[in-house]
Protein chains: 4
Amino acid sequence: MNDEQWLQELLKINDEEVKLSDKQAKILEAAIEMFAEKGYAATSTSEIAKRAGVAEGTIFRHYKTKKELLMAIVTPTIMKIAAPFLAKEFVKEVFESQYSSYEDFIRALMNNRYEFVKKYLPMIRIFWQETAFHSDIKEQIQTVFMENIYGKFKRVIDHFQQKGELADLPANTIIRMTITTIAGFLLTRFILLPNLQWDDEQEMERTIQMLMHGLKKEG
Amino acid sequence: MNDEQWLQELLKINDEEVKLSDKQAKILEAAIEMFAEKGYAATSTSEIAKRAGVAEGTIFRHYKTKKELLMAIVTPTIMKIAAPFLAKEFVKEVFESQYSSYEDFIRALMNNRYEFVKKYLPMIRIFWQETAFHSDIKEQIQTVFMENIYGKFKRVIDHFQQKGELADLPANTIIRMTITTIAGFLLTRFILLPNLQWDDEQEMERTIQMLMHGLKKEG
Amino acid sequence: MNDEQWLQELLKINDEEVKLSDKQAKILEAAIEMFAEKGYAATSTSEIAKRAGVAEGTIFRHYKTKKELLMAIVTPTIMKIAAPFLAKEFVKEVFESQYSSYEDFIRALMNNRYEFVKKYLPMIRIFWQETAFHSDIKEQIQTVFMENIYGKFKRVIDHFQQKGELADLPANTIIRMTITTIAGFLLTRFILLPNLQWDDEQEMERTIQMLMHGLKKEG
Amino acid sequence: MNDEQWLQELLKINDEEVKLSDKQAKILEAAIEMFAEKGYAATSTSEIAKRAGVAEGTIFRHYKTKKELLMAIVTPTIMKIAAPFLAKEFVKEVFESQYSSYEDFIRALMNNRYEFVKKYLPMIRIFWQETAFHSDIKEQIQTVFMENIYGKFKRVIDHFQQKGELADLPANTIIRMTITTIAGFLLTRFILLPNLQWDDEQEMERTIQMLMHGLKKEG
DNA sequence: GATGAATGAGAATTCATTCAT
DNA sequence: TATGAATGAATTCTCATTCAT
């Protein structure tokens with residue numbers, strides 16, 4: 001996959017084609033890199049233009065303001081973060097496969113998000129950093145979460161609680177613990193302490209085990 | 001406790017007295033508030049001056065640069081975050097009390113950090129936000145952690161693993177999971193979703209239970 | 001010659017074309033005037049902008065720093081000050097013409113520099129003033145002098161000493177006295193006491209005579 | 001002579017006692033050093049205070065403004081520069097000693113000013129630099145020159161012209177050439193090229209010879 | 001007299017944005 | 001569509017000066 005393909009892919013939501021001119025792609029790429037490195041507020045549009053190899057004015061031909069450029073990066077990414085739950089097969093499988101378990105579910109989730117974070121690390125970094133300052137980003141996330149993830153996640157939990165596999169905690173608590181634990185691992189792994197020697201597979205499995213023991217119904 | 005006492009208290013490390021002039025305290029207070037709200041890079045020194053009710057020049061009389069002002073806020077806070085481990089009694093108790101357990105330890109840790117985050121929320125927010133951009137902050141944290149926390153934390157874990165209370169996971173993994181889980185709860189509670197209806201006591205207890213079940217030695 | 005031509009001409013070294021945009025020329029003109037009047041340190045970029053009729057930001061688009069603006073004025077001028085020695089004909093004539101004498105040489109030098117100082121007075125003023133504070137300017141002058149002037153000047157002196165026309169003083173001493181005397185006249189005439197009634201031709205001739213009598217070989 | 005004595009001496013004009021408090025002397029000393037190094041405009045009062053070891057406010061207790069501090073340095077120095085002509089003996093000797101000649105006069109002048117410049121170099125530097133920007137300094141110099149030096153200098157020249165020792169040039173021209181030549185040597189020696197290897201005595205003698213040959217009446 | 005905290009105007013420089021080409 | 005010169009408001013920081021102690 002060449003340099004621009006990953007961008008095209010990220011920005012393409014639900015198979016809708018996105019046309020990115022050459023310059024536009026370079027601007028986005030440059031902006032993502034710099035926002036991730038220095039933060040939105042500390043990155044100047046002229047730096048972005050320089051790194052993208054375009055004129056300063058060109059950025060504003062495509063994005064009316066600097067903020068709009070940020071949102072152009074952030075909005076499709078929000079959808080992609082929610083992606084597994086948007087895939088019809090993903091949740092269906094959980095219910096339909098007779099062998100499946102909550103453990104399999106979070107293992108699939110963990111693996112899927114691990115690959116995602118690894119691939120789109122700079123974007124994740126932007127998220128982590130800018131969510132705090134831009135309430136509109138935070139709201140978008142919450143909306144997408146509530147509309148596309150929450151309900152499905154809850155059905156999964158209900159299902160496994162009915163099967164007696166999960167402790168009788170409120171679904172919200174289980175959701176929070178699951179997400180917190182997975183996100184906590186990924187943030188530590190890729191952002192907080194990326195330089196440690198990580199045995200990813202083992203550490204992920206341990207994290208899953210911890211979570212499962214923590215959440216399973218006590219016999 | 002009046003407005004300035006909490007600041008005085010925060011900046012006081014290890015009982016050393018800190019003399020803060022009236023103006024200086026107001027500058028720090030204003031800076032903490034604004035950095036927390038809008039981020040360091042997006043906050044101008046003139047805004048800080050205005051909110052603090054001082055002339056802009058006054059800020060630079062006390063702090064040579066804007067960055068130095070940030071560090072003046074951040075450095076003592078790092079120590080305070082590490083505080084429970086710096087308190088002699090805290091760790092000692094864990095070993096000496098015959099009734100103690102890892103569960104009691106993390107319960108104490110959770111309660112202690114819960115109060116801390118609640119009290120100094122704006123500072124925590126600054127941390128969460130600026131660590132990403134300022135490698136010197138990150139390094140300070142890592143140094144303090146390695147010098148003051150890691151060893152003690154490890155001894156606690158060794159102790160309870162020998163007592164057969166904790167699973168035979170590497171200490172590092174247990175430390176990471178413990179911190180991630182507690183920090184994950186506190187961040188969700190106070191920063192990500194502060195507007196939800198939280199039954200703090202119950203949720204903390206559940207989080208502790210989840211962690212304990214996840215980490216305890218399987219019989 | 002209109003207002004901008006003299007600037008274009010000054011900045012053009014050795015026939016290399018210099019493209020100065022309209023605004024850029026106005027900035028340089030304004031800067032030269034103000035630096036000459038008030039000195040570099042006492043002139044603010046906002047004043048320069050105002051006099052040049054451009055926005056303050058425009059200055060910094062063309063010159064990264066105020067210092068760079070100074071150097072853009074000063075560097076080509078240094079070459080121009082050395083100019084007569086850079087002209088092939090100038091020194092050649094001295095040796096080839098059978099009628100030439102050291103007196104003719106310094107007369108040519110005096111006339112040439114007189115016209116130069118008269119024409120570019122503000123720049124000379126800047127030089128006189130700023131050399132003291134900016135060692136880089138001083139070094140540039142010394143380098144240009146050593147590389148382009150000193151050797152040629154010395155050859156002229158050797159030549160006329162061999163012809164028995166000049167006293168047997170060290171060449172360095174003769175160079176210093178010649179330059180000091182000419183420069184001393186020009187500074188007094190144009191900078192220290194420009195308001196006196198000067199009969200330029202007569203005073204120059206007297207200066208030349210004084211110098212020649214002072215330097216000629218005693219019979 | 002200790003550190004402060006030279007200052008006391010410089011500031012004392014015509015035997016009038018000057019009372020300089022300890023702090024005041026330190027301020028003047030520091031100001032002289034810094035103005036000489038970086039120029040008046042580029043030196044801040046806080047730097048002066050720091051170098052003088054006094055509080056910022058103390059400077060303004062003694063000198064209402066920064067400019068006044070400059071003038072406090074510059075004004076007595078102007079008198080001292082004119083000093084030899086102020087000494088009754090100096091000019092009288094020229095006329096009364098039967099052995100004296102214009103050469104002896106300029107030799108005395110040269111030696112006297114050589115010692116002065118050597119001793120008070122920083123002050124000379126301030127002069128050289130600030131005269132250009134402060135017309136009041138320039139005016140002071142001209143006034144002192146016209147009132148105290150010019151007439152006496154002219155009498156000296158008239159005297160030696162009548163004795164047939166000096167060429168029949170206008171007195172003004174001879175004065176200018178004499179001063180230019182002496183000042184030119186001293187500036188080159190101490191300010192422009194102080195790092196060269198100078199054989200001061202020889203070079204001064206040569207300068208005097210050059211000047212004398214240049215100015216003497218042709219037989 | 002001396003201090004040094006405080007000031008606010010002003011310094012150099014940066015920046016998002018516009019617009020004529 | 002792309003450019004990049006131009007803008008002027010805003011930013012960080014400095015400075016001469018004041019004034020309460």
Side-chain angles (χ1 to χ4, degrees), chain A residues 21-24 26-27 40-50 52-69, chain B residues 21-24 26-27 40-50 52-69, chain C residues 21-24 26-27 40-50 52-69, chain D residues 21-24 26-27 40-50 52-69:
Chain A
S21 74
D22 181 48
K23 303 258 172 194
Q24 212 169 345
K26 277 186 177 135
I27 290 167
Y40 169 78
T43 301
S44 74
T45 50
S46 82
E47 284 173 295
I48 296 171
K50 205 173 293 165
V54 304
E56 293 188 51
T58 307
I59 291 176
F60 291 91
R61 188 146 291 278
H62 292 285
Y63 306 97
K64 271 203 288 290
T65 63
K66 189 185 167 193
K67 180 72 186 273
E68 199 175 273
L69 172 58
Chain B
S21 73
D22 181 46
K23 303 258 170 191
Q24 211 170 345
K26 279 189 176 134
I27 290 167
Y40 169 79
T43 301
S44 74
T45 50
S46 83
E47 286 173 295
I48 296 171
K50 208 171 290 166
V54 303
E56 204 171 351
T58 306
I59 292 177
F60 290 94
R61 178 153 287 276
H62 290 287
Y63 305 95
K64 273 200 284 292
T65 61
K66 190 186 166 193
K67 180 73 187 274
E68 199 175 274
L69 172 57
Chain C
S21 74
D22 182 47
K23 304 256 171 195
Q24 211 169 345
K26 279 189 177 131
I27 290 167
Y40 170 79
T43 302
S44 75
T45 51
S46 84
E47 286 173 294
I48 296 172
K50 209 171 289 166
V54 304
E56 205 170 350
T58 307
I59 293 177
F60 290 93
R61 177 153 288 275
H62 291 286
Y63 306 96
K64 274 201 283 290
T65 62
K66 191 187 165 192
K67 179 73 186 273
E68 199 175 272
L69 172 58
Chain D
S21 74
D22 181 48
K23 302 257 173 196
Q24 212 169 345
K26 278 188 176 135
I27 289 167
Y40 170 79
T43 301
S44 74
T45 50
S46 83
E47 283 174 295
I48 295 172
K50 205 174 290 163
V54 304
E56 293 189 51
T58 306
I59 292 177
F60 291 90
R61 188 146 291 279
H62 292 283
Y63 306 96
K64 273 204 285 293
T65 63
K66 190 187 168 192
K67 180 72 187 275
E68 198 173 276
L69 172 58

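So that the names make sense, note that chain A is the first sequence line, chain B the second, and so on, each numbered from 1.
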Base-pairing mate for F:dA16 - Watson-Crick or G-U, with both contacts under 3.5 Å |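 Answer to the pairing question: E:dT7, which forms a Watson-Crick or G-U pair with F:dA16.
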
Counterpart base for F:dT21, defined by Watson-Crick or G-U wobble contacts under 3.5 Å =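 The answer is E:dA2, by the H-bond criterion.
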
Gap between atom CD1 of C:Ile59 and atom OG1 of C:Thr65 - 0.5 Å precision =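 Answer for the OG1-CD1 pair, C:Thr65 versus C:Ile59, is 11.5 Å.
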
Say you draw a straight line from CD of B:Gln24 to OG1 of B:Thr58; how long is it, rounded to the nearest 0.5 Å?
->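 One gets 11.0 Å once the value is rounded to the nearest 0.5 Å.
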
Expressed in angstrom and rounded to an integer, what is the separation of [X] atom [atom1] from [N] atom [atom2]?
X       : N      : atom1 : atom2 : answer
D:Glu47 : F:dA16 : CD    : P     : 8 Å
D:Phe60 : F:dA16 : CZ    : C1'   : 5 Å
A:Tyr63 : F:dA2  : OH    : P     : 11 Å
B:Asp22 : E:dT7  : CG    : C1'   : 16 Å
A:Glu56 : E:dC19 : CD    : P     : 16 Å
D:Ile48 : F:dC15 : CD1   : P     : 11 Å
C:Lys66 : E:dA11 : NZ    : P     : 9 Å
D:Ile27 : E:dG4  : CD1   : C1'   : 14 Å

For D:Ile59 and C:Thr65, take the nucleotide of DNA chain E holding the closest heavy atom to each; which residue's nucleotide lies nearer the 5' end?
->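 So the residue in question is D:Ile59.
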
DNA chain E: C:Ala41 or B:Gln24, which has the more 5' nearest nucleotide?
->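 Mapping each residue to its closest nucleotide by heavy atoms, the 5'-most match is B:Gln24.
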
Closest approach of C:Glu68 to C:His62 (non-hydrogen atoms, all atoms of both residues) =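 For C:Glu68 versus C:His62, the nearest heavy atoms are OE2-O, 4.2 Å.
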
A:Leu69 and A:Ile27: which non-hydrogen atoms are nearest, and at how many Å?
->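 Minimum heavy-atom separation between A:Leu69 and A:Ile27: CD1-CG2, 4.1 Å.
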
For [N] and [X] - does any side-chain N or O of the residue sit under 4.0 Å from the phosphate oxygens OP1/OP2?
X       : N      : result
B:Thr45 : F:dT11 : no
B:Lys64 : F:dT12 : no
D:His62 : E:dA2  : yes
D:Lys23 : E:dT3  : yes

5'-most contact on DNA chain F: D:Thr43 or B:Ala42, nearest heavy atom basis?
->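 It is B:Ala42, whose closest nucleotide lies nearer the 5' terminus.
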
Across the strands shown, which category fits C:Ser44 at heavy-atom distances under 4.0 angstrom: base, sugar-phosphate, nothing?
->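 Sugar-phosphate, backbone atoms only, no base.
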
Can you tell which of F:dT3, F:dA16, F:dA6 lies closest to the side chain of C:Thr58?
->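 Of F:dT3, F:dA16, F:dA6, F:dA6 is nearest to the side chain of C:Thr58.
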
Consider the side chain of C:Arg61, meaning its heavy atoms from C-beta on, and name the nucleotide among F:dT7, E:dG8, E:dG1 that approaches it most closely.
->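 Nearest to the side chain of C:Arg61 among the choices is F:dT7.
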
Polar side chain donor-acceptor pair, B:Glu56 to B:Thr45, under 3.5 angstrom |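 Looking only at side-chain atoms, B:Thr45 and B:Glu56 do form a donor-acceptor pair, the distance falling under 3.5 Å.
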
